[in-house]
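To keep things clear, I will list the structure first and then write my remarks on it.
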Number of protein chains: 4
Amino acid sequence: MDARGPSSDSSPWMPFESRRRARDEKRDAVLRTAVHLFLEQGYHRATLNEVAERLNITKPALYNYFRGKEDILFECWALGQERVDDFIAGIDAAGGTGLNKLRKLIRAYAEVMTTDYGASLVRFDPRDLTEKNSRVVRAAKRSIDRTFRKYIADGIADGSIGPCDPKMTAFVIAGSLNWIGHWFQRDGAMSAEAIAGEFTERLTEGLAVKSTRRVASTPAKRKKSSGGTR
Amino acid sequence: MDARGPSSDSSPWMPFESRRRARDEKRDAVLRTAVHLFLEQGYHRATLNEVAERLNITKPALYNYFRGKEDILFECWALGQERVDDFIAGIDAAGGTGLNKLRKLIRAYAEVMTTDYGASLVRFDPRDLTEKNSRVVRAAKRSIDRTFRKYIADGIADGSIGPCDPKMTAFVIAGSLNWIGHWFQRDGAMSAEAIAGEFTERLTEGLAVKSTRRVASTPAKRKKSSGGTR
Amino acid sequence: MDARGPSSDSSPWMPFESRRRARDEKRDAVLRTAVHLFLEQGYHRATLNEVAERLNITKPALYNYFRGKEDILFECWALGQERVDDFIAGIDAAGGTGLNKLRKLIRAYAEVMTTDYGASLVRFDPRDLTEKNSRVVRAAKRSIDRTFRKYIADGIADGSIGPCDPKMTAFVIAGSLNWIGHWFQRDGAMSAEAIAGEFTERLTEGLAVKSTRRVASTPAKRKKSSGGTR
Amino acid sequence: MDARGPSSDSSPWMPFESRRRARDEKRDAVLRTAVHLFLEQGYHRATLNEVAERLNITKPALYNYFRGKEDILFECWALGQERVDDFIAGIDAAGGTGLNKLRKLIRAYAEVMTTDYGASLVRFDPRDLTEKNSRVVRAAKRSIDRTFRKYIADGIADGSIGPCDPKMTAFVIAGSLNWIGHWFQRDGAMSAEAIAGEFTERLTEGLAVKSTRRVASTPAKRKKSSGGTR
DNA sequence: AATGAATGAGCTTTCATTCAT
DNA sequence: TATGAATGAAAGCTCATTCAT
C-alpha cells in the first residue's frame with residue numbers, strides 16, 4: 001500500500017521486513033520525542049501522556065515499544081552512550097600521542113554533548129533507573145572517566161602532556177564538557193563545532209608541552225598563583 | 001553554660017528569645033535535613049514525609065516553618081546563593097588584578113560546591129520552582145556568569161590574563177566548577193580544600209601571561225598546594 | 001431492540017458509536033450520582049471517593065470524565081441552567097401577556113426546582129467554583145432575575161398586571177421559588193406538579209388586575225390549572 | 001489597670017464581675033467576627049485561623065470561648081433563632097387577627113433576615129452540626145413553620161384571611177422571606193425596613209379578604225415604598 | 001487567658017501501568 | 001498494533017484540635 005520500492009510483492013519476507021522497519025522507525029520516533037521532552041521539562045515533570053500526544057498516539061501505545069517510562073529513559077541514555085563508545089573506539093583505533101587522543105576525545109565529546117542523546121548522559125539522573133540499569137550507567141561513566149585519565153596518563157608517558165595529576169585533570173576537563181549538556185541551546189549563538197573547537201583549545205592549552213607552549217605555560221607558574229590567591 | 005549573660009531568670013524576654021532561637025534552629029534543621037535528602041534522592045523522589053520522619057516530627061509540622069515543598073527547595077538554593085554573593089562581594093572589595101580575582105573566585109566557588117547548599121545551586125532544577133522564584137534563580141545564575149566574564153575581561157585589560165574569549169573561557173571554568181557539585185562526596189578521597197586548590201591551578205594555568213608564569217610556578221608546588229593552601 | 005436502524009453488524013462505526021454512547025452514559029451517571037450526593041451531604045462533605053464508590057469504580061476513574069471536583073459541580077449547575085434557559089426560550093417564543101408569561105415561568109421554574117439539577121441552581125455555592133465559572137453562574141443568575149422583572153414589566157405595560165415595583169416583586173416571587181430547592185423532597189406528600197400549580201396561583205393572585213382576576217382565579221381554577229398547563 | 005470606672009477596688013466581687021463581662025464581650029466579638037466570615041466565605045471555606053486573625057488573637061485562644069468550630073456555628077444560629085423566638089412571643093402576646101399577626105411576623109422576620117445572625121438561620125447547613133444540635137435546629141425550623149401556618153389558619157378562622165391552604169401559603173411566604181438572607185447586602189440600594197415593608201405588602205395583598213384589603217392597603221402606601229426604592 | 005508547636009485525619013489530584021477489546 | 005477505561009499508589013496540602021507552657 002505504501003510502497004513498491006524496496007519491498008516487492010514477490011518476497012514473503014519483505015512485508016515482514018518492512019513491518020519491522022516501520023516498527024523500528026516508530027520506536028525511534030518515540031525515543032526522539034521522549035528525550036526531547038525529558039530534556040525540556042525534566043524527567044519527572046514530563047508525562048508519558050505528553051510524549052504520546054506529541055506523537056499523535058495514545059499512552060498505552062507506547063507500551064508496545066517500551067516496557068515503561070524507565071525503559072525509555074534508559075534507552076535515551078544508551079543511545080548517547082553508544083555514540084561515546086563509538087568515537088572512543090575510533091580514537092583508540094587511530095592511535096597517536098596521548099595529547100592527540102585527548103584532543104580528539106574532547107572535541108568529539110563536546111559535540112555529542114550538544115545533541116539530545118548526548119545531553120542525556122549528564123542531564124538524567126541514574127537514580128531514576130532500576131538498580132540494574134543504574135549499575136550499567138555508573139559503570140559506563142566510570143569507563144569514560146578512565147578513558148580521560150588514560151589519555152592523560154598516556155600523554156604524560158609519551159611526553160606530549162606535561163606532568164600533572166591525571167585524576168584531577170580529568171575531572172576538570174570532563175566537568176567542563178559535561179556542563180555543556182546543561183547550557184547548550186541548539187538555537188544559540190554558537191555552533192556545536194565552534195564550541196567543540198573552543199573547548200578543545202581551552203582545555204588543552206595548559207597541558208601540552210610544546211616548543212611554543214613551553215615558554216608560555218610551564219608548570220612553574222603554578223606556585224605564584226596559589227600563593228597569591230589567598 | 002549558655003546562660004547568665006544576657007538573660008537572667010527575671011527577664012521576661014528570655015523565654016521569648018529562647019523560643020525564637022529554638023524556632024530558627026528548628027527551621028535550620030529542617031533545611032539541613034531537606035537539602036541533604038533532596039541531594040541524596042533527588043527533589044522529586046524525596047518526600048516531605050521522609051524529611052519529617054528524619055526530624056522525628058510529622059509532615060504538617062513542616063508547614064509551621066515553610067509554605068510548602070517548593071518553598072523549602074528555594075530556601076536551600078537561596079542559602080547557597082548567599083554564600084556565593086558573600087564571597088564575590090569580598091573579592092570585589094579586596095580588588096587586585098583580574099587574574100587574582102578570578103583565582104579567588106574559582107577557589108571559593110569550588111569550595112562552596114562541595115557543601116550541600118552549594119551543590120543546591122547546580123543540582124536542583126529551577127523548573128521545579130514557581131515562576132517567580134525561578135526568575136530569581138535564573139537572574140542570579142546570569143549574575144555569577146557575568147562575574148566570571150568580568151574578572152576575565154579585567155584580567156585581559158590589566159594584562160594579567162592573556163587574550164582570550166571571556167565568554168567561552170567563563171563557560172569552561174564555570175562548567176568545570178559546577179560539575180564538582182555533581183561528583184563531590186564528603187567522604188571521598190579528596191578534601192574540599194585540596195580540590196579547590198587543584199581547580200584553581202588547573203583552570204588558570206593556561207590563562208596567565210607567560211613571562212609572569214614562568215618564574216612563579218614550579219611543578220613541585222602542586223603537591224604542597226593542597227596542604228599549604230589553607 | 002435498539003439496533004438495525006443506522007448500524008448493521010457490518011458497519012465499523014457501530015462499535016465506535018456504541019463506545020461513544022457508553023461514554024456519555026457513564027458521564028451522565030457520574031453527574032447524576034454526584035449531584036445527588038452533593039445535595040444529600042453538601043458539596044464539601046461529599047467526597048469523590050464516595051461518588052466513585054456509589055458508581056462501583058475508583059476515584060481516579062472519575063478523572064476520565066471530568067477535570068476535577070469543581071468541574072463536576074459546575075456541570076451539575078450547567079445542566080440545571082440549561083433547563084431554565086430552554087423553557088424561558090419557549091415562553092419567549094410563545095409570547096402572550098406579561099402575566100401569562102410570568103405564570104408559565106413560575107410553573108416551569110417551580111418544577112425545575114424539584115429536580116436535582118434544578119436544585120443545583122440554588123443549593124450550590126458559586127464561591128466553590130473557579131473565578132471563571134463563578135462569573136458564568138452569576139451572569140446566569142442575573143439573567144434569570146432580569147427575565148422575571150421583564151415579564152412583570154411587560155404585564156404592567158400590557159395591563160395584565162397591576163402596578164407594582166418589578167424589582168421587588170421579582171425578588172418575592174423568585175425567592176419563594178428558589179426556596180423550593182431547599183425543602184422539596186421527592187418522596188414528600190406533594191407532587192412537583194401540584195407544587196408548581198399552587199405556587200403559580202399563590203404568587204400571581206395578588207398581581208393580576210382585579211377585574212380580570214376576579215373572573216379568572218376562582219379557587220376552582222387552581223385545580224384545573226395544573227392539568228391544563230401542560 | 002484598665003479601669004476604675006465600674007469596678008471599685010472595695011468590692012472583691014467587682015473584678016470578678018468585670019472579668020466575666022470582659023469575657024462575655026470577647027465571646028460576643030468572636031461570634032460577630034465568625035458569623036460575618038462564615039457568611040462571607042461559607043462555613044467550610046472559612047477557617048478558624050482567619051477568624052482569629054481578624055480578632056488579633058491566635059486560633060487556640062478561640063477554644064477558651066467555644067468548644068470548637070461547630071460550637072461557634074451553632075451559637076450563631078442560636079442568636080438568630082433567639083431573635084425570632086422573641087418577636088414571635090411578642091406577636092403572640094399582642095394578639096390580633098390572624099392577618100395582623102401574619103403581617104407582623106413577615107415584617108419582623110424580613111428584618112431579621114437582613115442581619116448576620118438572622119441570615120445564619122437560612123445560610124448555614126444543619127448538616128454541619130452535631131446530630132444533637134442539628135435536631136435542635138430542625139425542631140426550631142418546624143416551629144417557625146408552624147407559627148406561619150397557625151397565623152394563616154387563625155386568619156382564615158377569624159375571617160381576616162381568605163380561604164387558602166395554610167401549608168402551601170406558609171411555604172410561599174417563608175420561602176420568599178428566607179431568600180432575603182441569601183441576597184440582601186447591607187450596602188445595597190434598599191434599607192432593611194423598606195424591604196420588610198415591601199415584603200409585608202406583597203406577601204399579604206393576595207391573602208386578605210377583598211373588602212378588608214381594599215381599605216387596608218391603599219395604593220399610597222405601596223407607591224411610597226416602591227418609589228423610594230429606586 | 002493565650003500561645004507556639006505539633007498532630008491526625010482526610011481530600012484532591014496525578015500518573016505509570018494494566019487489561020479487555 | 002492501538003485504544004478507552006480503570007486502577008493502585010502515593011504525594012502535597014489544609015485544618016480543626018490538642019498540649020505544654
Side-chain angles (χ1 to χ4, degrees), chain A residues 19 22-23 26-27 43-52 55-73, chain B residues 15-16 18-20 22-23 26-27 44-52 55-72, chain C residues 15-16 18-20 22-23 26-27 44-52 55-72, chain D residues 19 22-23 26-27 43-52 55-73:
Chain A
R19 202 180 289 169
R23 183 188 163 80
K26 285 184 193 166
R27 209 185 118 102
Y43 177 68
H44 286 101
R45 273 175 304 276
T47 71
L48 290 191
N49 243 332
E50 190 163 356
V51 173
L55 289 162
N56 284 107
I57 59 174
T58 59
K59 190 166 41 171
L62 298 173
Y63 286 79
N64 285 320
Y65 306 102
F66 299 94
R67 267 187 306 262
K69 198 185 186 189
E70 187 264 349
D71 193 23
I72 296 178
L73 182 66
Chain B
F16 191 74
S18 85
R19 261 193 199 178
R20 263 286 277 277
R23 181 179 172 82
K26 283 182 195 168
R27 209 187 116 102
H44 286 101
R45 273 176 304 276
T47 73
L48 291 190
N49 244 334
E50 190 163 357
V51 173
L55 290 162
N56 282 106
I57 57 176
T58 59
K59 187 166 44 174
L62 297 174
Y63 286 80
N64 279 324
Y65 307 100
F66 299 94
R67 267 186 306 261
K69 199 186 185 187
E70 189 264 349
D71 193 25
I72 296 179
Chain C
F16 190 75
S18 87
R19 263 194 198 176
R20 264 286 281 276
R23 181 179 172 82
K26 283 182 195 167
R27 209 187 118 102
H44 286 101
R45 272 175 305 277
T47 74
L48 290 190
N49 243 334
E50 189 161 358
V51 173
L55 289 163
N56 280 107
I57 58 176
T58 59
K59 191 167 37 172
L62 297 174
Y63 286 79
N64 280 323
Y65 306 99
F66 299 94
R67 269 185 304 260
K69 198 184 186 188
E70 188 263 351
D71 193 25
I72 296 179
Chain D
R19 199 180 293 171
R23 181 185 164 81
K26 286 184 192 167
R27 209 185 118 102
Y43 177 68
H44 286 100
R45 273 176 304 276
T47 71
L48 291 189
N49 243 332
E50 190 163 356
V51 172
L55 289 163
N56 282 107
I57 57 175
T58 59
K59 189 165 44 171
L62 298 174
Y63 285 80
N64 285 320
Y65 306 101
F66 298 94
R67 266 186 307 262
K69 198 184 186 190
E70 188 264 349
D71 193 23
I72 296 178
L73 182 67

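Per chain, numbering begins at 1; letters A, B, ... match sequence-line order.
B:Leu55 approaches B:Leu62 most closely through the heavy-atom pair CD1-CD2, 4.2 Å. Shortest non-hydrogen contact noted between A:Tyr65 and A:Lys26 is OH-CD, 3.1 Å. Closest approach of B:Arg23 to B:Asn64, counting heavy atoms only: NH2-O, 2.7 Å. The two atoms that bring B:Leu48 and B:Tyr63 nearest to each other are CD1-OH, 3.6 Å, heavy atoms only. Across every non-hydrogen atom of C:Ala46 and C:Lys69, the tightest pair is O-NZ, 2.9 Å.
Rounded to an integer number of Å, the gap from A:His44 NE2 to F:dA11 P is 11 Å. Nucleotide F:dT3 holds its P atom 7 Å from the CD1 atom of A:Ile57, rounded to whole Å. To the nearest angstrom, C1' of F:dC15 lies 13 Å from CD of D:Glu50. Atom NZ of C:Lys69 is separated from atom P of E:dC11 by 8 Å (rounded to the nearest Å). Rounded to an integer number of Å, the gap from C:Leu62 CG to F:dG4 P is 19 Å. The CD1-C1' distance, from B:Ile72 to F:dA11, rounds to 14 Å in whole Å. Rounded to an integer number of Å, the gap from A:Leu55 CG to F:dA2 C1' is 13 Å. Computed from coordinates, the B:Leu48 CG to E:dA6 C1' distance equals 16 Å when rounded to whole Å.
At a cut-off of 3.5 angstrom, counting only N and O atoms as typed in the model, there is a donor on one side and an acceptor on the other between the side-chain of A:Lys59 and the base of E:dA16.
The listed nucleotides are E:dT7, F:dT3, F:dG8; the one nearest the side chain of C:Thr58 is F:dG8.
OP1 and OP2 of E:dA1 both lie 4.0 Å or more from every side-chain N or O belonging to D:Asn64. One finds a side-chain N or O of A:Tyr65 lying less than 4.0 angstrom from the OP1 or OP2 phosphate oxygen of F:dA2. In this model, the phosphate group of E:dT17 is approached by a side-chain N or O of A:Tyr63 to a distance below 4.0 Å at OP1 or OP2. Put simply, B:Arg23 has no side-chain N or O that comes within less than 4.0 Å of OP1 or OP2 on E:dG4. At the phosphate of F:dA2, OP1 or OP2 sits under 4.0 Å from a side-chain N or O atom of A:Lys26.
Counting non-hydrogen atoms under 4.0 angstrom, A:Ala52 reaches nothing in the nucleic acid. Within the 4.0 angstrom heavy-atom criterion, only backbone atoms of the sugar-phosphate kind lie near C:Ala46; the bases stay farther away.
Along DNA chain F, the nucleotide closest to B:Asn49 and the one closest to D:Glu70 are compared, and the more 5′ of them pairs with B:Asn49. The 5' end of DNA chain E is approached more closely, in terms of each residue's nearest nucleotide, by D:Asn56 than by the other of D:Asn56 and B:Ala61.
Under the Watson-Crick and G-U wobble criteria, each requiring two contacts below 3.5 Å, nucleotide E:dA20 is paired to F:dT3.
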